[in-house]
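Shown next, in structure tokens, is the structure this report addresses.
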Amino acid sequence: MTDLIQTLGAGLLIGCVYGLLGLGIVIIFRASEAFNFAIGEFLVIGSFFFYIFFFDLGLPFLVALPLGLLASGAAGALIERLSIKPLLGRSGLSMTIITLGLASVLRASVQLIFGAHSYSFFIELPDITLESGYLLFPSERIWAGVLSVVAFGLVIFFLFRTRWGVAIRATSESQPKAMAFGIDARFILLLVWAVSSMCIAVAGIMISNFGALSYLTGIAGLRAIPVVLIGGMDSIGGALIGGLIVGLCEALVGSYIEPLGLVGFKDVAPYLLLLIVLFIRPYGLFGTARIERV
Amino acid sequence: MLSVENLRVVYHDVISILNGVSLKAAAGQISVLIGANGAGKTTLLRSIGGMLDIYEGDIIEGDIKIGEASVRGLDSTDIIKKFGLTYVMEDRPVFWYLTIEENLAAAAYSRWDGAVKTDMEKVFEYFPVLKKLRNQKAGYTSGGEQQMLAIGMSLMTRPKILLFDEPSLGLAPMITEELFRIIKRLNQEGMTILLVEQNAHAALRIGHHGYVLENGRVVLEGTAGALLENEDVREFYLGAGAKERKSYQDAKRYKRRKRWL
């Protein structure tokens with residue numbers, strides 16, 4: 001029983017981080033119908049920005065985190081300006097393909113600048129390890145879950161309670177309509193990419209904090225694919241639910257199926273689950289079935 | 001005063017839609033633009049409203065002026081902010097997944113003054129039905145309510161000139177009448193209006209001046225009253241005047257007859 005609780009708890013905590021990754025994908029998809037395949041690289045870049053401020057410059061966590069996120073946001077905005085903006089008004093597919101190329105370029109650039117070795121990454125945060133009997137939730141895992149949920153909440157607040165949020169949701173629905181009413185769709189797209197990179201950066205910092213940071217940490221970003229496809233590509237709540245589902249799936253498979261001799265099955269299981277979900281609900285659990293009218 | 005001078009517009013560099021359109025929308029008046037499908041009415045409004053870019057259209061000749069200033073090539077955001085000209089697109093350009101109130105707030109995005117709330121109340125005064133539905137998602141409201149919302153949203157941008165693209169599209173005659181009353185009222189309160197309509201009769205009745213657009217050219221213009229009386233307009237746009245059924249050939253002959261204009 002404690003085993004199960006331990007597994008579920010761990011799954012939910014990592015699930016929150018996955019949910020945040022999913023959110024990063026979803027808000028871009030809603031705004032421009034593009035899937036950001038460069039998510040892993042955004043994750044690494046965001047983590048390295050934080051690394052520079054926190055470890056290299058030795059700033060306190062509460063200063064380094066906002067600075068790191070601002071830098072990630074700026075980087076996201078810059079990347080959008082250079083690669084995505086020229087495609088405004090084109091189909092989401094062309095932007096999606098751009099992000100594939102972007103992923104290669106960014107990965108190589110990170111490798112060039114920071115090298116291929118791992119950077120040790122440990123943030124000294126107040127120890128909030130939960131331990132009772134056989135249950136053990138390490139401090140960094142709990143922090144990851146908590147900070148991800150806080151970040152998620154902040155993004156939701158931004159989207160639903162601020163003027164930019166309303167403009168982002170309006171633009172996501174229709175760029176022409178938004179522009180006709182004086183909303184600068186180009187700026188909004190920039191904003192969306194900035195916010196998305198910040199989400200991904202928070203998740204990245206938390207994931208790096210579990211171990212080390214290298215250009216390969218970006219592989220964790222791929223977890224966002226089953227997350228958003230299960231939750232629904234255009235559903236913000238779906239991203240969180242999808243994240244939790246993937247987190248739970250991973251944890252359950254990790255502690256109950258892998259010991260049977262299926263090592264590495266934990267990484268495959270979310271995709272199997274995804275397959276089943278897509279058979280039943282092709283648009284994901286919370287995605288809207290779209291009627292395409294041309 | 002809005003004036004369009006010899007405007008030529010192409011899409012994708014090859015499809016020529018406007019072939020030298022000139023017209024004027026006098027300040028404080030309702031100017032009506034009628035024409036068949038494909039005549040270029042919407043393209044003309046897009047050009048004026050600064051929305052050609054996203055439809056891959058280009059102005060290759062001519063000019064658009066508001067007062068003395070040229071707005072050719074400007075973005076819709078600049079045109080709204082600097083010139084107070086707002087283009088209400090056809091087919092009820094509201095945001096379905098936003099509530100009525102959020103829709104109005106979104107349309108006020110370009111403004112930074114604190115009067116957004118008062119303006120919203122003003123819109124609710126024009127359209128009391130919207131006030132009741134303020135927390136409803138716009139996608140769940142009726143077509144008439146959506147069109148009212150679209151007009152309300154355009155008012156949130158504090159316009160001096162409004163371009164309406166077929167506000168009566170797909171609406172019941174009674175709703176259309178109400179919308180036209182509102183448009184008339186906006187005009188009486190000082191708004192300059194350019195109204196594109198298929199419902200030529202209703203539009204010409206509230207309008208001051210009218211233009212007939214065909215194949216990307218203005219083929220006829222005059223006071224709204226004169227156009228209502230004009231034999232060709234009556235025959236081809238108002239569906240009156242003809243005793244017997246007209247065949248398509250006759251329609252083509254009419255076009256040939258007008259080509260010199």
Side-chain angles (χ1 to χ4, degrees), chain A residues 26-27 29-33 84-92 94-95 156-192 232-238 286-291 293-294, chain B residues 42 45-46 48-57 75-99 101-112 116 137-139 146 149-159 162-165:
Chain A
V26 164
I27 56 175
F29 184 79
R30 278 165 56 108
S32 52
E33 307 223 319
I84 303 295
K85 190 202 158 201
L87 297 177
L88 187 76
R90 301 280 175 81
S91 79
S94 27
M95 298 190 197
I156 298 237
F157 176 83
F158 179 74
L159 284 178
F160 286 86
R161 286 283 173 271
T162 64
R163 60 184 289 141
W164 297 282
V166 172
I168 285 176
R169 284 185 300 140
T171 312
S172 301
E173 211 181 303
S174 159
Q175 282 174 14
K177 286 180 196 173
M179 289 172 82
F181 287 114
I183 298 173
D184 189 348
R186 292 180 182 88
F187 173 72
I188 294 297
L189 219 55
L190 184 90
L191 196 62
V192 166
M233 291 287 288
D234 55 358
S235 167
I236 290 172
F286 300 95
T288 27
R290 254 170 231 256
I291 301 159
R293 293 181 63 185
V294 183
Chain B
T42 299
L45 293 198
R46 280 179 189 162
I48 301 172
M51 299 276 296
L52 263 188
D53 259 13
I54 43 173
Y55 295 101
E56 315 260 324
D75 240 11
S76 56
T77 36
D78 292 331
I79 293 178
I80 289 175
K81 251 191 237 166
K82 291 186 198 137
F83 296 95
L85 181 147
T86 301
Y87 162 41
V88 186
M89 298 202 293
E90 70 186 322
D91 209 11
R92 305 163 211 149
V94 301
F95 303 109
W96 284 25
Y97 296 96
L98 269 56
T99 64
E101 219 170 30
E102 285 173 335
N103 264 289
L104 293 171
Y109 172 81
S110 56
R111 293 169 42 186
W112 282 98
V116 172
K137 284 214 167 103
Q146 287 177 8
L149 176 60
I151 296 177
M153 286 162 75
S154 69
L155 295 179
M156 294 302 289
T157 62
R158 289 245 169 125
L162 274 175
L163 314 181
F164 287 114
D165 199 349

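Just so it is clear, the values below take in all heavy atoms, side chains as well, and ignore hydrogens, waters and symmetry mates.
- Between the side chain of B:R46 and the backbone N or O of B:L52, no donor-acceptor pair lies under 3.5 Å.
- In terms of heavy-atom pairs under 4.5 Å with chain B, the best-connected choice from A:V166, A:I183, A:D184 is A:I183.
- Rounded to the nearest 0.5 Å, atoms CG (B:L149) and CD (B:E101) are 11.5 Å apart.
- For the pair B:L162/B:L155, a side-chain contact is recorded, criterion being any heavy-atom separation below 4.5 Å from C-beta on.
- For B:T157, the part lying under 4.5 angstrom from a heavy atom of chain A is the side chain only.
- Residue A:A185 does not touch chain B at all, counting heavy-atom pairs closer than 4.5 Å.
- For residues 78-86 of chain B, heavy-atom neighbours of chain A at less than 4.5 Å comprise B:I80, B:T86, sorted by residue number.
- Closest of all the heavy-atom pairs between B:A150 and B:P93 is CB-CD, 3.7 Å.
- Neither the backbone nor the side chain of B:V116 has a heavy atom closer than 4.5 Å to any heavy atom of chain A.
- For B:R111, the part lying under 4.5 angstrom from a heavy atom of chain A is the backbone only.
- Note on ring orientation: taking the six-membered ring where Trp is involved, the planes of A:W164 and A:F158 are parallel (angle under 30°, cut-offs 30° and 60°).
- The cationic group of A:R163 lies under 6.0 Å from the six-membered ring centre of B:Y109 and within 45° of the ring axis, placing it in a cation-pi geometry.
- In this structure, the side chains of A:L189 and A:S32 come closer than 4.5 Å at one or more pairs of heavy atoms.
- Between A:F181 atom CZ and B:S76 atom OG the span is 11.0 Å, to the nearest 0.5 Å.
- Judged by distance alone, with hydrogens and angles left aside, the side-chain atoms of B:Q146 form a donor-acceptor pair with the main-chain N or O of B:A138 at under 3.5 Å.
- Expressed to the nearest 0.5 Å, how far CG of B:N103 lies from CD of A:E173 amounts to 7.5 Å.
- For chain B, no part of A:I168 is nearby; none of its heavy atoms comes within less than 4.5 Å.
- In this structure, chain A has heavy atoms under 4.5 Å from both the backbone and the side chain of B:M153.
- B:D75 touches chain A through its side chain: at least one heavy atom from C-beta onward sits under 4.5 Å away, while N, CA, C and O do not.
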